[in-house]
Each structure stands twice: as structure tokens, then as C-alpha cells.
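In this chain, residues are counted from 1 in sequence order.
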Amino acid sequence: MASSNVEIKRVTDRKGLDKFIQFNYDLYRDDEYNVPNLYRDEIATFSRDKNAAFDFCEADYFIAERDGKVVGRVAAIINRRANEKWQRKSVRFGWIDFIDDMEVSAALLNTVEQWGKERGMTEIIGPLGFTDMDPEGMLTVGFDQLGTQATIYNYPYYPQHMEKLGGWEKDNDYVEYKMYVPDAVPEKYMKVAKMVEERYNLHVKKLRRNEIFGKSGYGQRVFDVINETFKDLYGYSEMTPRQIEQYIGMYLKVIDLDIVTLIEDWNTPDHKVVGVGISVPSMSRAFQKCKNGRLFPFGWWHVLMALKFHKTESVDLLLIGVLPEYRSKGANALLFTDLIPRYQKYGWKWGETQVEMETNRNVQSQWGPLDPINHKRRRCYKKKIQ
């Protein structure tokens with residue numbers, strides 16, 4: 001497949017996958033805002049035998065070359081579970097990167113469109129990953145803001161290309177917020193948290209490592225809450241048991257449980273988990289120290305200092321979720337009254353939310369007492385396949 005002097009090649013082996021991954025490191029080398037993913041995590045994401053999402057997803061990866069040099073990349077993905085749930089025939093484009101050249105971006109997106117058309121799809125959407133647990137949405141505001149581990153950073157010319165290519169329109173917009181850690185827990189949170197405990201018998205639960213694993217362990221219960229909380233959000237496909245097992249290993253096995261907070265309903269016999277707040281120290285600066293996404297020779301030290309010893313300025317609010325029937329009761333106030341003192345203890349200056357749908361006013365309203373700053377926006381585009 002080719003457009004002008006741009007040649008598109010499908011990734012068919014490990015050497016090709018290495019080139020696919022490496023292009024992002026090369027394109028954003030020394031950029032002060034981009035946060036590169038670790039190479040080993042990228043390999044796990046793109047490997048069919050390691051990523052449980054391939055149980056219900058189909059994908060191919062493509063690189064664009066000009067005169068033998070890589071100038072772009074993109075993943076073409078079909079998430080059958082999401083398509084079935086949302087009654088759409090969508091092919092997703094994800095992990096898209098390109099130099100500032102319209103021929104390159106057009107060739108990449110045309111390739112995904114054709115790939116989807118051959119498989120019966122009627123629209124192309126993105127940037128999206130295999131599932132909501134992958135980075136999503138093209139950055140449109142906030143190019144001068146440091147990225148986070150769980151989100152996409154891209155140059156300002158990316159959305160400019162989408163506008164110029166024609167046929168693309170907004171499918172969904174996301175917002176992200178930055179909030180400075182207060183000197184004291186806001187009084188509103190304190191009052192609501194006290195009321196919630198007394199009136200509804202809801203209480204904070206702090207995890208111990210030995211409570212996480214097994215079919216009845218808290219790891220499963222945490223991701224059950226996440227599935228239920230996010231099930232009606234844009235493009236979401238509920239995590240399968242195998243995915244949940246993977247994510248328990250990826251997240252709960254290694255993160256600091258001091259900044260993981262659960263809410264339990266003590267009116268139920270098994271103390272049902274009804275809310276989850278998972279925080280992680282910001283790994284942004286540490287990952288920037290990992291050359292080409294490698295922990296060695298020196299990157300591991302910076303990662304260890306951030307992850308284990310909290311030597312970082314900020315915290316990422318990785319996953320915050322409360323079951324729908326408990327949101328109106330103010331259950332999320334319990335999360336914040338427990339977590340904010342811990343952020344203060346570690347000396348973190350600010351926290352950042354992950355992507356939130358711009359229409360999700362219920363989620364955005366919970367940040368009110370923290371004076372949130374909407375510092376980033378991003379967009380998922382769509383286009384009909386002719």
C-alpha cells in the first residue's frame with residue numbers, strides 16, 4: 001500500500017514491532033512534555049499471547065516509511081465486545097504517530113479505513129486502544145502540560161491534520177483536571193463523609209496485600225466496581241475475568257496500598273465494595289529518564305525513587321469510581337477525606353485526574369472543593385467509511 005512516496009508496511013514480526021514502538025521514542029526524543037511508555041509494557045500490550053484483550057479484539061499494526069525511514073505508525077483495531085454493546089461497526093485507530101506531513105497522516109488513516117472496510121466496518125474512530133484501560137483521545141488543548149503515564153501526548157499539528165484531511169468529526173471529547181493538594185481536607189468533604197458514615201453505614205477500607213488475590217479477594221471486587229461504574233461510558237467494553245486477572249497483577253500487586261482506598265457498605269453481610277480510589281505517584285519524570293523506554297542502565301533508579309519512595313511532585317488519580325446508587329449519597333467524600341492527608345504526608349503538590357467525558361458532570365462536580373483547573377482536553381474523531 002502506498003500514497004505518493006509514502007510506503008505503508010504491515011508489522012509481521014518482532015523486528016517490525018520494535019520499529020513500530022521505537023518510532024514514538026524517536027519522534028518525541030527529549031520533548032519536555034511527552035511521557036514515554038516502558039518498552040516492556042508496550043511489548044505486552046501489542047503481543048497477542050500476553051494481552052487478554054485479544055480474546056475479543058482483532059488488530060494489525062502498520063508503519064509508514066519514506067526512503068527507507070520510518071515516518072509514521074498506527075494500529076488498526078476491532079473491539080467486537082464494544083461494537084456489539086454499542087451497536088456500531090467501528091474500526092479503531094490507535095497509537096498513531098506521524099511527522100508533520102499530510103501525505104503520511106493520510107496514508108496511515110486510509111490504511112486503517114481500508115482494513116476496517118475489508119472486515120465489514122462502516123466507520124473509523126479514534127484514537128482508541130483495545131479497551132478503556134488503554135490511552136485514548138488526541139490531545140487538543142494542553143500541549144504545554146506534562147503528560148501522564150496513562151494518557152496520550154501528541155504535537156499540536158496532530159489535530160490540525162485531522163481538520164485538514166476532511167470527513168472527520170467529533171465523536172467524543174474528554175477533559176482532564178489539575179488540582180493542588182490543599183493544606184487541610186476541605187470542610188465540605190469532612191461534613192459529608194461524617195454524615196455518610198453515620199446515616200448510611202459506609203466506611204473506608206484499606207487493603208492488605210494478602211487480601212487482594214483469589215476469586216473472592218478484593219482484587220476481583222475492585223474491578224467489579226470499575227466494570228459497573230464505567231459500563232455506560234463512551235466506547236467501554238466490560239473487562240473479562242482474564243483481563244481482570246491481568247490488571248490485578250499489573251496494578252494491585254505492585255502499587256502502594258496506602259494510597260488505594262475502598263468504600264464498603266457495612267449494611268451488607270459481606271461488606272460490599274461500593275467505591276474505589278486508586279492513586280499512583282506520578283511516574284512522568286521517572287519515565288522520561290528511561291531512554292527508549294528501558295529501565296536499564298539508569299532508568300530503574302528514577303522509577304524506584306518515584307514508585308517506592310514517592311520522590312515526585314504530584315499524584316495521578318488513576319481510577320476513581322463509585323457505584324451509581326451510592327453517588328448521590330456522597331460516598332466519594334469518604335475517598336477524599338482518606339486520601340488527601342496521605343497526599344499531604346508524601347509532600348505532593350498537586351494531583352491530576354485521568355480522562356473524563358466532557359458531559360460527565362457528576363464526576364466533574366466532585367472535584368469542586370479542590371478548585372480544579374481544566375488544563376487538558378482531547379478528542380476522539382469519527383468518519384464514515386465510504
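- Just one of Tyr189, Tyr180, Phe336 meets the ring pair (Phe, Tyr, Trp, His ring centres under 6.0 Å) condition when paired with Trp367; it is Phe336.
- Side-chain contact of Thr261 with Lys206: a donor-acceptor pair under 3.5 Å is present, judged by distance alone.
- You'll find the ring centres of Tyr33 and Phe143 outside the 6.0 Å limit.
- Between Met239 and Gln243 the shortest heavy-atom distance is CA-OE1, 3.4 Å.
- For the residue pair Glu197 and Asn201, no side-chain donor N or O sits within less than 3.5 Å of a side-chain acceptor on the partner.
- Remark: Arg221 is not positioned above the aromatic ring of Phe213, lacking an NZ or CZ atom under 6.0 angstrom from the ring centre and at most 45 degrees off the axis.
- Gln364 and Asn360 share no donor-acceptor pair across their side chains, judged by distance under 3.5 Å alone.
- Summarising the geometry, atom CE belonging to Met121 is positioned 4.5 Å from atom CD1 belonging to Ile78; distances are rounded to the nearest 0.5 Å.
- Leu334 and Leu317 fall within the same hydrophobic cluster, defined by Ile, Leu, Val, Met, Phe, Trp and Tyr side-chain heavy atoms under 4.5 Å apart, directly or through other members.
- No donor-acceptor contact under 3.5 angstrom links the side chains of His203 and Trp266, judged on distance only.
- Minimum interatomic distance between Lys329 and Val196 (heavy atoms only, all atoms of both residues): O-CG2, 2.9 Å.
- Of the N and O atoms on the side chains of Arg29 and Asn34, not one donor lies less than 3.5 Å from an acceptor on the other residue.
- No continuous path of hydrophobic side-chain contacts links Leu128 to Val74 [ILVMFWY only; heavy atoms under 4.5 Å].
- Cation-pi geometry between Arg80 and Phe56 is not met: the NZ or CZ atom fails to fall both under 6.0 Å from the ring centre and inside 45° of the normal.
- If you check the side chains of Asn227 and Glu238, you find no donor sitting under 3.5 Å from an acceptor.
- Side-chain contact check for Glu123 and Ser90: at least one donor-acceptor pair (N or O, by modelled atom type) lies under 3.5 Å.
- Taking all atoms of both residues into account, the shortest heavy-atom contact from Val181 to Ile340 is CG1-O, 4.5 Å.
- Outside the 6.0 Å centre-distance limit, the rings of Trp95 and Phe23 are not counted as a close aromatic pair.
- With hydrogens and angles disregarded, a donor-acceptor distance shorter than 3.5 Å links the side chain of Thr353 to the backbone of Tyr177.
- Taking the ring centre of Phe309 as origin, the terminal cationic atom of Lys311 falls outside the region bounded by 6.0 Å and 45° from the ring axis.
- Ring planes of Tyr236 and Phe230: perpendicular class, angle over 60° (limits at 30 and 60°).
- Between Leu335 and Gly277, the closest heavy-atom pair is CD2-N, 3.8 Å.
- A salt bridge does not link Glu7 to Arg66: none of the charged nitrogens lies less than 4.0 Å from a carboxylate oxygen.
- A side-chain donor-acceptor contact under 3.5 Å links Tyr234 and Asp171.
- Taking OH from Tyr153 and OH from Tyr28, the interatomic distance works out to 7.5 Å, rounded to the nearest 0.5 Å.
- Remark: Arg73 is positioned above the aromatic ring of Phe20, its terminal NZ or CZ atom under 6.0 angstrom from the ring centre and at most 45 degrees off the axis.
- A salt bridge is absent between Glu84 and Lys89: the closest approach of a Lys/Arg side-chain nitrogen to an acidic carboxylate oxygen does not fall below 4.0 angstrom.
- Side-chain polar atoms of Asn51 and Thr45 form no donor-acceptor pair below 3.5 angstrom.
- Here Phe93 and Trp168 bring their ring centres to under 6.0 angstrom of each other.
- Side-chain contact of Tyr200 with Asn267: a donor-acceptor pair under 3.5 Å is absent, judged by distance alone.
- Between the side chains of Gln149 and Asp316, not a single donor N or O lies within less than 3.5 Å of an accepting N or O.
- Hydrophobic cluster membership differs between Trp301 and Val254, with clusters built from Ile, Leu, Val, Met, Phe, Trp and Tyr side chains linked at under 4.5 angstrom.
- Geometrically, Arg294 does not engage Phe296 in a cation-pi contact, judged by NZ or CZ lying under 6.0 Å from the ring centre and within 45° of the ring axis.
- Using modelled atom types and a 3.5 Å distance limit, the side chains of Asp100 and His161 yield a donor-acceptor pair.
- Side-chain contact of His302 with Gln288: a donor-acceptor pair under 3.5 Å is absent, judged by distance alone.
- Across all their heavy atoms, Asp101 and Glu103 have their closest contact at OD1-N, 2.9 Å.
- With hydrophobic clusters built from ILVMFWY side chains whose heavy atoms lie under 4.5 angstrom apart, Leu139 does not share a cluster with Ile125.
- In plain terms, the two heavy atoms of Tyr174 and Cys380 that are nearest each other are CE1-SG, 3.7 Å.
- With hydrogens and angles left out, the side-chain atoms of Asp256 and His310 include a donor and acceptor closer than 3.5 Å.
- Using modelled atom types, one finds a donor on one side chain and an acceptor on the other under 3.5 Å when comparing Glu264 with Tyr218.
- The aromatic rings of Phe98 and Tyr158 lie parallel to each other, their planes meeting at an angle below 30°, with 60° marking the opposite boundary.
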